[in-house]
Structures are given as C-alpha cells and as structure tokens.
There are 2 protein chains.
Amino acid sequence: MPRPFQYRDSILALLKDNPIHPTVDWIHAQLRRGHPRVSLATVYRTLRTLVAEGTLCELPFGTSESRFGLTLEQKHYHFICEQCHKIYDLPIRPRMTLERSVQAETGHQVRRHTMEFYGVCRECTEGPASVTSLRPPREQKEKTE
Amino acid sequence: MPRPFQYRDSILALLKDNPIHPTVDWIHAQLRRGHPRVSLATVYRTLRTLVAEGTLCELPFGTSESRFGLTLEQKHYHFICEQCHKIYDLPIRPRMTLERSVQAETGHQVRRHTMEFYGVCRECTEGPASVTSLRPPREQKEKTE
DNA sequence: TTACGTGCAAAACGTTTGCAAGAGT
DNA sequence: ACTCTTGCAAACGTTTTGCACGTAA
C-alpha cells in the first residue's frame, strides 16, 4: 500500500485514455475496478500532488465538482458538453493577441487566459447509440460500481 | 405573496454598485448592514431565483465559492484578479468566429463560449494605497465585515 | 385564512485532514 | 529502525433543505 504513489500511474493512464477531464468520483470508481481497496482520500491526495507538480490541471468549471485532466501542452481551451458533461481539450492555438488587447483596453495586467465552449459534443449529437455517457446526470450520485 | 423578495432589489443594487462578482458571503455581509436579520439561506435562495430568471449569472471560477454578477448584455468575458480576487466584466465583443471554427474542427455543436483572463488588476497594480480589497484572502474567513 | 418569503438549524455535499497501520528502504 | 503512502473516519467549508413563523393579500 505505501509504495511511492501506488496509483499514480493508473490515474494518469485513466486520464490519458479518457481525455474528458473526469470528476474525482469517476476516477475513484474506475480505479476501484483494479484496486478495490483504494480510498477516495488517496485519489484526492494523488490528484493534488499531480496538480502541484504540473502534470495535471484542475478545471473549476461545472460548479460543484472539480474536474481533472492532463496538462497536455498549453491547450487551455476546452469544450464542455452540456449533455454528457465530458470536457474535451481543443486543438486551438492560444490567441495571445486577445491578452494584449485586454491589457491595453483595461489597464489590467494579463498573465494568461482560458476559454470554454459549451454545447453538445459530437458523440451526443450523432445519436444516443454511440453515447458512452461516462457521467451520470448531476442529480443522482451513482456510486454503483 | 407575503414579502415579495424583500432583499431582491438591495442585492441587485449591491451588484450594480460593485461589479466585481462578489461571493455570497460578501453579499450577505453587505446586506446585513441595512438588514441585520437577513439570513445566509435567504441570500442563497434569492440569488438562485435571480439566476434562474436570468437576471444574474453565476461564475464557477475560483473553485471554492460561487461568484455572482449581473447578466449585463452578453459580456461573457471576464478578468479575474489573482491578488484581490475581484472579477471584472470585459467590454470585449464576443468572437463568434471562434465558435464556428471550433464546431468545424471538432464536430461539436457549439452554443456559447466564455473567456477568462487572469492576472493583476489595475487597482492592485497601481499601488497598495488604492487597493480596496473587498475580499479577504481565501485562507482566513473574515466575517467581521 | 391562505400563501409564501423568511430565519433558524440541521442536513447534504465535496474536499481535506488526523491518525494509526503497513510496505518499502 | 525510519520514512512515507495509505485507509478510515472525522472535520471542514459551502450550499441546500425542513420546518415553524409571520407578514401581505
């Protein structure tokens, strides 16, 4: 149990295979398939460490629960599906011009910026058949499995 | 109806005079100056109603506490000061072109988008003298008002 | 009287932390 | 031995809710 970050790589693999910026609960549930004894606290602690070292980024969107994803490059633009609640990285290059114009217009010192697009993702649009809704609706907390 | 939203207008006035998207605690503290008996639950309930009717918008940034502001026009771009934690509306017109290009590149149906710029606001930059830090640092909860 | 906003307290929810235990060195 | 992660449960901060009250119709 007390190996230096027993679940670290498993969590990273999960996030790599599921680039949807899952919730902690989702990660915990998936992790328990292979490690039935892993506790939620450990998942939180591991995630916090990974964020601190820069491997992961935490997204404050979605209001209630934190969402985590790999810090791939500088992709700070996201698409958030309002139906299945997945969060995708967007392959759009940062518009640094915007930072300059905001700074010029407001006098605020801009250090970085983020961007979120909301809508319905392709999976959800193309039909309920292909939907692998990995996230239960916000109302009911599904802890099963 | 008994007291049709006794505090509704006071809250809206507060938000209009302080376009910094305050926390619920800040709103509650300010409101108690004129209405010493108002409860936090009422503030939450009123804010929820105002958000539901579209008068206010809730910002999920800042991680821990929800922030609220008036739904002025379609200004969905914000500047977030990492020092005093104020959130300013940005007078930048929406870049609708971005929505179209994201939709074209990803196949996701884009309905809207938001944008956040992070840095240090002009007030904080121009010197600590002019800083009216309306928000205590996240560590200590200052209820003394 | 009825309806419903309100205050209060408790509950609910996500997240963090204290502590003892166990694996690795 | 010593270190450090882990599981468990309790604590924590934010938000919601149950319930009785009281005010406006």
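A/Ile92 contributes atom CD1, which lies 8.0 Å from atom OG1 of B/Thr106 (distance to the nearest 0.5 angstrom).
At whole-Å resolution of the value, CD in B/Glu65 and C1' in D/dT16 are 16 Å apart. Here D/dT5 presents its P atom at 14 Å from CG of A/Asp9, a figure rounded to the nearest Å. Rounded to whole Å, the distance from CG on B/Leu47 to C1' on D/dT16 is 13 Å. Going from atom CZ of A/Phe5 over to atom P of D/dT5 covers 6 Å, rounded to whole Å. Atoms CD (B/Gln6) and P (C/dC4) sit 17 Å apart, rounded to a whole Å. Distance B/Glu58 CD to D/dT14 C1': 12 Å, rounded to the nearest Å. Distance A/Leu40 CG to D/dA10 C1': 14 Å, rounded to the nearest Å. Put simply, CZ on B/Arg37 is 11 Å from P on C/dA9, counting in whole angstrom units.
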Output a table of nitrogen or oxygen pairs between the protein and nucleotides 18-20 of chain C separated by less than 3.5 Å.
residue, atom, partner, partner atom, Å
C/dG18, O6, A/Arg45, NH1, 3.3

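For B/Ser64, no side-chain nitrogen or oxygen approaches OP1 or OP2 of D/dT14 to under 4.0 Å. For D/dT14, neither phosphate oxygen OP1 nor OP2 lies less than 4.0 angstrom from any side-chain nitrogen or oxygen of B/Ser66. Put simply, B/Arg48 has a side-chain N or O that comes within less than 4.0 Å of OP1 or OP2 on D/dT16. Considering only side-chain N and O atoms, A/Tyr44 lies under 4.0 angstrom from the phosphate OP1 or OP2 of C/dT15. Look at A/Tyr7 and you'll find a side-chain N or O under 4.0 angstrom from OP1 or OP2 of D/dG7. The phosphate of D/dT6 (OP1 or OP2) has no side-chain N or O of A/Thr42 nearer than 4.0 angstrom. Checking the phosphate oxygens (OP1, OP2) of D/dT5, no side-chain nitrogen or oxygen of A/Thr46 falls inside 4.0 Å.
Contact annotation: the side chain of B/Ile27 approaches that of B/Leu15 to within less than 4.5 Å [non-hydrogen atoms, C-beta and beyond]. Residues B/Gln83 and B/Glu123 have side chains not in contact (no heavy-atom distance under 4.5 Å, counting atoms from C-beta outward). You'll find the side chain of A/Ile11 stays beyond 4.5 Å of the side chain of A/Phe68, heavy atoms only. Side-chain contact check for B/Met115 versus B/His76: every heavy-atom pair is 4.5 Å or farther apart. Taking 4.5 Å as the limit, some side-chain heavy atom of B/Arg112 sits within range of a side-chain heavy atom of A/Glu82.
Across its full length, the helix from C/dT1-D/dA25 to C/dA23-D/dT3 shows an angle of 10° between the axes of its 5 terminal pairs at either end, rounded to 10 degrees.
You'll find the ring centres of B/His108 and A/Tyr118 outside the 6.0 Å limit. Taking the centre of each ring, A/Tyr7 and A/His35 come in below the 6.0 Å mark.
A side chain to side chain donor-acceptor pair (under 3.5 Å) with A/Tyr77 is found for one member of A/Glu116, A/His113, A/Arg95, A/Arg93 and no other, namely A/His113. No option in B/Arg67, B/His21, B/Arg48 other than B/Arg48 meets the side chain to side chain donor-acceptor pair (under 3.5 Å) test with B/Glu58.
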